[in-house]
Amino acid sequence: MPDTYSTLLIERHADGYAVVTLNRPESLNALNSTLLGELVAFLDTVENDDSVRCLIITGSGEKAFAAGADIKEMADQTYAEMYRSNFFSEGADRLARFRKPVIAAVNGFALGGGCELAMLCDIIIASEKAKFGQPEINLGVAPGIGGSQRLTRLVGKSKAMDLILTGRTMDAQEALASNLAARVYPHETLLDECRAMASKMASQSLLALMANKEMVNAALETTLTQGVQFERRLFHSLFAFEDQKEGMRAFVEKRKPAFKHR
Ligand code: CO8
C-alpha cells in the first residue's frame, strides 16, 4: 500500500530505511494534530515491517526541520480542550516507544516542539544551518513535549536553563559541543550523510539494532547497577537469535554476515 499522507512525504529505500519528510513548508513544518496523527499512523505501519529497519526524519524546504508546535492551532484552545484531548501526547509517546533507530536530520530551525521532536529521535545529525531552541517562554508558555526533561539530560542543567529561560537559539556547532547533536555536516550533504548512516544501520541485524537501542535508552532511566544488569541479560538473550550465530560465524569464516532478522 502506498504511504500517502497530507503532511508527510515518505520515501522507502531498498537498503532497508525510510525517509520521513515533515511537509508543511508554508508553516516551517510546524507540528499540528494532523501531522502527529500521520506520524503515529506511519510508525504503526512500519513498526512490524522488517523491510524498514531505520528511519530518518527531516524537514521539507530550505529553512526548517520544524519550527515548533503549530501556534495558530494552539492559540485559542481552552484548558479543557487541551486536557481532554491530551494534546500532542499520542504522537510524542508513540515516537518514544518506536523500537527501531530514528535519525533526526536537522536541516534548519528545530524550535520548541521541533527541538523536542529531534530529541525524541535517537541520533541528532545537524546541518551547518541548524538552529535549536526552546523559545516557548517568548509565548508565555513552556516546553510541553518533553523538552525540559530531555534537553536537561542531554546538555545539563545550566545550558538547559540558559536556553529555556532566555528562549535563545543555538547553532549547530554549539549543539555539537553541548552533546545535543552527534555530528554536523554541510547543509548540502546532510541528507546523503544521514542516508549512508541509515543504510549502514539497516545492514545490521534488526534484532540487534533494537536490543542496542533498548540498552542505551535504559541508561537514562535506571541506576548504573540496574542498567548494567539489564545490558547483561539482554546480551545473553541475543544468543537465542539466528543472527548472533550468523554474525559470529561470518566473522570466523571471514565473510560478510547475511542477517535474516530472526
Ligand atoms: N506555528 C505556526 N506557524 C509558524 C510557526 C509555528 N510554530 N513557525 C513559523 N510559522 C509560520 C509563520 O507564521 C509564517 O507564516 P505566514 O507566512 O502565514 O505568516 C511562516 O511560518 C514563515 O515564518 P516566518 O515568516 O516567521 O519566518 P522567519 O524566517 O521570519 O522566522 C522563525 C523563522 C524564527 C522560526 C519564526 O517563524 C518563529 O519564531 N517561529 C516560531 C518559533 C516558536 O516559537 N516555536 C515554538 C512554538 S510553541 C511549541 O512548540 C510548544 C511545544 C509544546 C506543545 C505542547 C503539547 C502538550
Side-chain angles (χ1 to χ4, degrees), residues 5-9 20-40 43 57-98 102 104-121 124 126-155 159-175 180-181 187 190:
Y5 300 102
S6 64
T7 61
L8 301 177
L9 298 173
V20 180
T21 304
L22 312 172
N23 191 33
R24 301 188 67 224
E26 69 290 350
S27 308
L28 302 185
N29 306 318
L31 311 174
N32 65 7
S33 306
T34 305
L35 186 150
L36 286 173
E38 291 187 344
L39 186 60
V40 169
L43 295 176
I57 300 183
T58 193
S60 66
E62 278 304 298
K63 267 167 76 172
F65 175 74
D70 191 320
I71 300 166
K72 292 163 192 166
E73 183 184 56
M74 274 186 301
D76 294 324
Q77 295 236 21
T78 64
Y79 170 60
E81 286 164 346
M82 299 284 263
Y83 182 77
R84 184 68 190 86
S85 68
N86 210 359
F87 195 69
F88 277 7
S89 64
E90 202 193 345
D93 294 351
R94 182 66 190 87
L95 185 53
R97 276 194 297 110
F98 191 66
V102 185
V106 178
N107 56 315
F109 291 114
L111 302 179
C115 188
E116 293 169 308
L117 177 70
M119 290 189 288
L120 277 159
C121 300
I124 295 178
S127 106
E128 280 167 349
K129 285 193 188 169
K131 294 252 188 279
F132 298 87
Q134 297 290 157
E136 289 92 339
I137 194 135
N138 297 328
L139 303 168
V141 290
I145 316 177
S148 64
Q149 305 304 299
R150 291 198 176 86
L151 189 65
T152 306
R153 281 168 168 74
L154 289 168
V155 307
K159 175 128 352 218
M161 288 286 192
D162 170 11
L163 289 159
I164 290 171
L165 299 182
T166 67
R168 76 174 176 91
T169 58
M170 75 174 159
D171 65 18
Q173 288 305 334
E174 187 180 352
L180 179 60
H187 190 69
L190 173 73

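Both counts, for ligands and for their atoms, begin at 1 and track the order of listing.
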Test item: [X] side-chain N/O and [Y] main-chain N/O as donor-acceptor pair under 3.5 Å:
X: Gln149; Y: Gly146; value: no
X: Glu128; Y: Ala172; value: no
X: Glu73; Y: Ser33; value: yes
X: Thr58; Y: Ala105; value: yes
X: Asn107; Y: Ala126; value: no
X: Asn29; Y: Arg24; value: yes
X: Asn86; Y: Ser89; value: no
X: Glu116; Y: Gly147; value: yes
X: Thr169; Y: Phe132; value: no

Heavy-atom contacts with Asp70 under 4.0 Å: which atoms of ligand 1 show up? List them by number with element. 1 (N), 2 (C)
Contacting atoms of ligand 1, where contact means under 4.0 angstrom from a heavy atom of Glu26: 15 (O), 20 (C), 21 (O)
Protein heavy atom at shortest distance from [atom]:
atom: atom 54 (C) of ligand 1; result: Ile145 CG1, 3.7 Å
atom: atom 38 (C) of ligand 1; result: Leu111 CD1, 4.8 Å
atom: atom 31 (O) of ligand 1; result: Leu28 CD1, 4.5 Å
atom: atom 28 (P) of ligand 1; result: Lys63 NZ, 3.7 Å
atom: atom 1 (N) of ligand 1; result: Ile71 N, 2.9 Å
atom: atom 16 (P) of ligand 1; result: Lys72 NZ, 3.9 Å
atom: atom 57 (C) of ligand 1; result: Phe87 O, 3.1 Å
atom: atom 53 (C) of ligand 1; result: Gly144 N, 3.5 Å

Tightest non-hydrogen contact, residues Ala110 and Phe65, listed as CB-CD2, 4.0 Å
[atom] protein-contacted, heavy-atom criterion under 4.0 angstrom:
atom: atom 48 (S) of ligand 1; answer: yes
atom: atom 25 (O) of ligand 1; answer: no
atom: atom 20 (C) of ligand 1; answer: yes

Below a 4.0 angstrom heavy-atom separation, can you tell me which part of [X], side chain or backbone, both or neither, approaches ligand 1?
X: Leu139; value: side chain
X: Pro135; value: side chain
X: Glu116; value: side chain
X: Ala69; value: both

Could you say whether the N/O atoms of Phe88 and ligand 1 ever approach to under 3.5 Å? no
Can you tell me if Lys131 has a non-hydrogen atom under 4.0 Å from ligand 1? no
Around Glu174, counting heavy atoms of other residues, nucleotides and ligands shown, do more than 12 lie under 6.0 Å from its CD? yes
Distance (rounded to the nearest 0.5 Å) between Ile71 CD1 and Glu136 CD: 9.0 Å
Please work out which of [options] has its closest non-hydrogen atom nearest to [atom].
atom: atom 42 (C) of ligand 1; options: Ala64, Ala67, Gly68; answer: Ala67
atom: atom 9 (C) of ligand 1; options: Ser27, Gly146, Gly91, Gly147; answer: Ser27
atom: atom 51 (C) of ligand 1; options: Met82, Gln77, Glu136; answer: Glu136

Among Asn23, Thr7, Asn32, whose side-chain hydrogen bond (donor to acceptor under 3.5 Å, both in side chains) with Glu38 holds? Thr7
